[in-house]
Colleague: 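Here's a structure for you.
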Amino acid sequence: MSDRALVVDDSSFQRTIVSNTIEEWFEIVATAENGKEAIDQFKEERPDVITMDIMMPEMDGITAVKNIKEISPETIIVMVTSVKQKQKMREAARAGADGYVTKPVNTEKLREEFADVLDWPAASQQK
């Protein structure tokens, strides 16, 4: 698998934090501020991994995940959200999300989540 990523969050601050956190592991090819924009960016850039917020205007992350997974089931999507409700996480999993972490973003937890869903060898998890 390549290492191209799309970062999706309605907060520019959170997009920056997540991008800065994962840029050592992936090439950030695009960012988006809502689900509709995420789908458009996905179609244009075809990233291998996506970080996706859940609660966003215009189109939420769960709807965007469903749409992206219909196009490309192999794309890895990790939800990065402040929503800690079990119901929203279940909906995201049913939509096809591969994993999730909660905000505020913790670099180690995000690394562990990607290591788990991408089956990285232990050596790749080190800084």
Side-chain angles (χ1 to χ4, degrees):
M1 177 178 280
S2 181
D3 57 355
R4 297 166 42 85
L6 166 63
V7 175
V8 185
D9 198 296
D10 59 327
S11 161
S12 62
F13 178 70
Q14 288 298 327
R15 286 192 308 272
T16 299
I17 288 174
V18 173
S19 294
N20 289 345
T21 301
I22 70 171
E23 69 183 358
E24 69 181 82
W25 314 317
F26 307 111
E27 174 191 359
I28 311 299
V29 294
T31 62
E33 57 186 59
N34 61 57
K36 184 181 179 314
E37 196 176 302
I39 293 167
D40 292 341
Q41 289 291 350
F42 173 78
K43 289 177 179 176
E44 185 175 326
E45 297 293 340
R46 293 295 183 161
D48 302 294
V49 297
I50 300 172
T51 63
M52 180 83 69
D53 191 11
I54 289 181
M55 304 303 291
M56 297 180 288
E58 202 163 335
M59 180 188 288
D60 66 42
I62 293 170
T63 303
V65 168
K66 286 178 189 173
N67 282 276
I68 290 169
K69 286 293 193 167
E70 285 176 8
I71 298 166
S72 176
E74 69 278 2
T75 300
I76 299 297
I77 304 176
V78 171
M79 307 307 284
V80 180
T81 183
S82 56
V83 177
K84 294 183 181 181
Q85 300 170 343
K86 287 183 180 179
Q87 182 59 33
K88 288 292 183 190
M89 297 320 324
R90 283 189 197 112
E91 287 177 39
R94 280 194 298 269
D98 298 286
Y100 78 95
V101 295
T102 56
K103 297 175 189 171
V105 174
N106 174 294
T107 302
E108 193 55 39
K109 288 193 184 306
L110 191 54
R111 177 184 290 127
E112 288 171 7
E113 194 65 20
F114 274 115
D116 184 46
V117 299
L118 294 172
D119 198 27
W120 283 343
S124 296
Q125 297 177 41
Q126 304 303 314
K127 266 192 161 177

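The figures here come from the full heavy-atom set of this structure, side chains too, leaving out hydrogens, waters and symmetry mates. By convention here, the first residue in the shown sequence is residue 1.
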Colleague: Which distance, rounded to the nearest 0.5 Å, do you find between the OG1 of T75 and the CG of D48?
Modeller: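 T75 atom OG1 to D48 atom CG measures 7.0 Å (nearest 0.5 Å).
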Colleague: With a 4.5 Å heavy-atom cut-off, do M79 and K88 have their side chains touching?
Modeller: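 Sidechains of K88 and M79: no contact.
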Colleague: Out of I62, T63, I68, which residue meets the side-chain contact (heavy atoms from CB on, under 4.5 Å) rule with K66?
Modeller: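 The passing option is I62.
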Colleague: For V18 and D53, run side chain to side chain contact (heavy atoms under 4.5 Å, CB included): C-alpha distance rounded to whole Å, both residues' side-chain angles, the deciding distance at 0.1 Å, then the answer.
Modeller: CA-CA 11 Å; V18 173; D53 191 11; over 6 Å; no
Colleague: What pairs with K69 under side chain to side chain donor-acceptor pair (under 3.5 Å), at least two apart in sequence or on another chain?
Modeller: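 In terms of side chain to side chain donor-acceptor pair (under 3.5 Å), with neighbours along the sequence ignored, K69 is linked to D98.
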Colleague: Work out which heavy atom in M56 is nearest to a heavy atom in G35; give both atom names and the distance.
Modeller: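 Of all heavy-atom pairs spanning M56 and G35, the closest is CE-N, 3.6 Å.
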Colleague: To the closest 0.5 Å, what do you measure between CZ (F26) and CD1 (I76)?
Modeller: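 Going from CZ on F26 over to CD1 on I76, the span is 9.0 Å.
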Colleague: Do you know the tightest heavy-atom contact between A38 and L6?
Modeller: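 For A38 and L6, the tightest heavy-atom pair comes out as O-CD2, 3.6 Å.
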Colleague: Hey, could you give me the OG1/NZ distance between T21 and K109, rounded to the nearest 0.5 Å?
Modeller: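 Answer for the OG1-NZ pair, T21 versus K109, is 14.0 Å.
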Colleague: Pick out which of D119, V78, V101 makes a side-chain contact (heavy atoms from CB on, under 4.5 Å) with F114.
Modeller: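 Considering D119, V78, V101, a side-chain contact (heavy atoms from CB on, under 4.5 Å) with F114 is found only for V78.
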Colleague: Looking only at heavy atoms, which two atoms of Y100 and E113 are closest? And how far apart?
Modeller: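 Result for this residue pair: N-OE2, 3.2 Å.
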Colleague: Which atoms form the tightest heavy-atom contact between T31 and S19, and what is the distance?
Modeller: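 Closest pair (atom of T31, atom of S19, distance): CG2-OG, 4.0 Å.
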Colleague: What is the minimum heavy-atom distance between W25 and D3, and which atoms define it?
Modeller: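 Here W25 and D3 meet closest at O-CB, 3.8 Å.
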Colleague: Write out all pairs satisfying side chain to side chain donor-acceptor pair (under 3.5 Å) with one or both partners inside residues 36-47, taking only residues at least two apart or from two chains.
Modeller: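 Output for this query lists R4-E45.
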Colleague: Could you grab the distance from atom CD1 of I22 to atom CD1 of I17, nearest 0.5 Å is fine?
Modeller: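 If I round to the nearest 0.5 Å, the distance is 13.0 Å.
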Colleague: Between V80 and V29, is there a shared hydrophobic cluster once you connect ILVMFWY residues whose side-chain heavy atoms come closer than 4.5 Å?
Modeller: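 Hydrophobic grouping puts V80 apart from V29.
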Colleague: For residues 5-15, which residue pairs qualify under side chain to side chain donor-acceptor pair (under 3.5 Å), counting only residues two or more places apart or in two chains?
Modeller: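 Non-adjacent pairs meeting side chain to side chain donor-acceptor pair (under 3.5 Å): D9-K103.
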Colleague: Ion pair present between R111 and E108, side-chain N to carboxylate O less than 4.0 angstrom?
Modeller: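 The answer is yes: the pair qualifies as a salt bridge.
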